[in-house]
2 protein chains.
Amino acid sequence: MAAIVSHSKTRQHILRAALRHFANSGYAAASVQQIVDDARVSKPALYYHFKDKAGLFQALVSEAHDKEFELLCGAAARSKTIRGQLVEILAVLFDYFRENRELMRIALATMFASPGELPKKLRYLDRCERNFEFIHTLMKRALQNGELDGRFGSREMAFGFYGQANVHLMAHLVTPTCRLDRRTANRIVGLFLAGAARKRNAGSPGKF
Amino acid sequence: MAAIVSHSKTRQHILRAALRHFANSGYAAASVQQIVDDARVSKPALYYHFKDKAGLFQALVSEAHDKEFELLCGAAARSKTIRGQLVEILAVLFDYFRENRELMRIALATMFASPGELPKKLRYLDRCERNFEFIHTLMKRALQNGELDGRFGSREMAFGFYGQANVHLMAHLVTPTCRLDRRTANRIVGLFLAGAARKRNAGSPGKF
DNA sequence: GATACTACCTACCGTTCGGTAAGTTAATGG
DNA sequence: CCATTAACTTACCGAACGGTAGGTAGTATC
């Protein structure tokens with residue numbers, strides 16, 4: 001896993017242990033003592049590399065959101081149609097999720113955290129917004145292209161899709177419902193684009 | 001607010017204060033001391049009425065999910081078509097949400113909590129599942145009626161809808177995006193049923 | 001060979017945590 | 001009039017919390 005970049009070995013151990021504990025217990029319930037025990041380092045070693053508990057968390061949060069943004073960009077570039085882009089996005093998120101579920105958990109948890117749940121000095125809202133706005137941009141473009149239904153707003157569609165993607169990920173953290181793979185990605189995008197209602201003319205049903 | 005039922009006045013104060021703190025800070029970060037200070041009671045008074053911190057939380061969690069279930073049932077009964085039922089469900093959830101956002105926050109937070117985030121003895125997964133299964137049942141019925149597209153499974157549609165409903169609620173906790181009212185409910189259901197893709201024959205566009 | 005810096009260490013700080021022991025007050029029942 | 005119970009109270013517990021003071025081994029520099 002090349003996800004955690006760090007110059008020091010100790011710093012790396014700390015980050016990896018912190019990732020485990022924050023992902024598993026949330027910010028408040030994860031204790032610094034547990035983290036340093038798990039990382040087999042002393043507490044001052046942690047406070048040498050990170051300003052405080054919040055700073056340690058911040059490092060992981062930034063990495064999680066930046067990684068997601070990177071994945072979104074890469075995936076969207078791989079297709080020209082909105083359908084292809086959305087499938088690519090879901091597929092790559094699912095792939096990454098399967099092997100880095102702890103980092104993803106942190107990204108999701110910070111996205112939907114209560115105001116008092118995390119230290120106020122933490123900066124992550126701008127990163128959340130950036131990731132959402134990326135999807136939003138795709139939708140706007142597809143709307144102009146005529147790929148999407150003009151009766152809906154780009155914002156509500158971006159919201160519907162990004163929201164649904166996140167729900168699938170979050171739900172999978174709680175109870176693995178179905179395999180999060182490319183096939184599932186295809187079906188989700190299919191449902192999103194075609195809608196759940198029965199079609200009046202079953203002329204060209206397409207495949208999902 | 002008749003949400004919190006209790007026989008003792010003190011118990012009521014405690015529950016109300018606990019609701020505020022748990023909703024605002026999450027389980028771990030909310031301290032018993034803050035709660036009793038806020039409720040203007042002593043700590044042993046709290047431990048007289050509730051077994052422990054987890055028991056206090058449990059009372060709120062149960063109430064939150066039970067209330068949601070009640071809302072779902074009432075809303076679904078108000079219409080015969082799946083479209084009508086889904087709109088009613090969203091509308092009633094939105095209504096309730098606007099006036100009881102703290103209780104809703106707890107329901108959502110427990111739904112997507114990490115394993116180590118909450119005490120293990122807490123019982124809530126069965127209640128989550130019950131609420132989801134209610135939506136699932138509606139979808140199954142609508143599928144048999146031919147109201148929904150047979151190419152999709154009832155489970156994935158229930159998931160898509162319930163998930164999207166929850167995302168709208170959660171997102172609204174973080175940043176109020178749009179008015180959560182009946183009009184919004186209509187648009188969300190519209191998007192869910194019709195799909196985002198442009199329709200080939202714009203014969204009867206419907207209104208959302 | 002003194003100085004300075006990195007990368008830690010042991011030991012400990014004050015605070016807050018969830019929770020309790022034991023006593024008090026007011027009402028109720030025999 | 002006494003016993004019991006409900007509904008608390010003050011005072012306190014040990015453990016865990018996040019964080020730090022002060023010292024040190026190793027390396028690099030002048």
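Chain identifiers are assigned alphabetically (A, B, ...) following the order of the sequence lines, protein sequences preceding nucleic acid strands; residue numbering begins at 1 within each chain.
Set against dC8(C), dG19(D), dA11(D), the side chain of P44(B) has dA11(D) as its closest nucleotide. Each of dG18(D), dC17(C), dC8(D) was ranked by its minimum atom distance to the side chain of K43(A); first place goes to dG18(D). Considering only the side chain of K53(B), dG19(C) comes nearest among dG19(C), dC17(D), dC8(D).
Rounded to whole Å, atom C1' of dG19(D) lies 11 Å from atom NZ of K51(A). Spacing between atom CD of Q12(B) and atom P of dC8(D) amounts to 12 Å, rounded to whole angstrom units. In this structure, L46(A) atom CG and dC9(C) atom C1' are separated by 14 Å, rounded to whole Å. One can place CZ of R11(B) at 15 Å from P of dA6(D), the figure rounded to the nearest angstrom. In this structure, NE2 of H21(A) is placed 12 Å from P of dG18(D), rounded to the nearest angstrom. Regarding F50(A), its CZ atom lies at a distance of 11 Å from the P atom of dC8(C), rounded to whole Å. Note: CD1 (I35(A)) to P (dA16(D)) measures 16 Å, nearest angstrom. Whole-Å rounding puts the I14(B) CD1 to dG18(C) P distance at 14 Å.
Residue contacts for A30(B): at a heavy-atom cut-off of 4.0 Å it reaches the sugar-phosphate backbone alone, with no base atom in range. Contacts of A45(B) with the nucleic acid, taken as non-hydrogen atoms under 4.0 Å apart, include base atoms.
Seen from the ring of F94(A), R182(A) does not count as a face-on cation partner, given the 6.0 Å and 45° thresholds. Cation-pi check for R127(A) over F69(A) is not met; the charged atom does not lie both under 6.0 angstrom from the ring centroid and within 45 degrees of its normal. For the pair K53(A) and Y27(A), the cation-pi test (distance below 6.0 Å, angle within 45°) is passed.
Side-chain N/O atoms of H49(B) include one lying less than 4.0 angstrom from OP1 or OP2 on dC8(D). Between Y47(A) and dG19(D) there is a side-chain polar atom (N or O) within less than 4.0 angstrom of OP1 or OP2. For dC8(D), one of the phosphate oxygens OP1 or OP2 lies less than 4.0 angstrom from a side-chain nitrogen or oxygen of T10(B). The side chain of S42(B) contributes no N or O atom lying less than 4.0 Å from OP1 or OP2 of dC8(D). Between S31(B) and dC17(C) there is a side-chain polar atom (N or O) within less than 4.0 angstrom of OP1 or OP2. Contact between the side-chain N/O atoms of Y48(B) and the OP1/OP2 oxygens of dC8(D) is not found at any separation under 4.0 Å. Of the side-chain N and O atoms in S8(B), none sit less than 4.0 angstrom from OP1 or OP2 of dA7(D).
By the 30° and 60° cut-offs, the orientation of the rings of Y124(A) relative to H65(A) is parallel.
Annotation: H168(A) is in aromatic contact with F159(B) [ring centroid separation under 6.0 Å].
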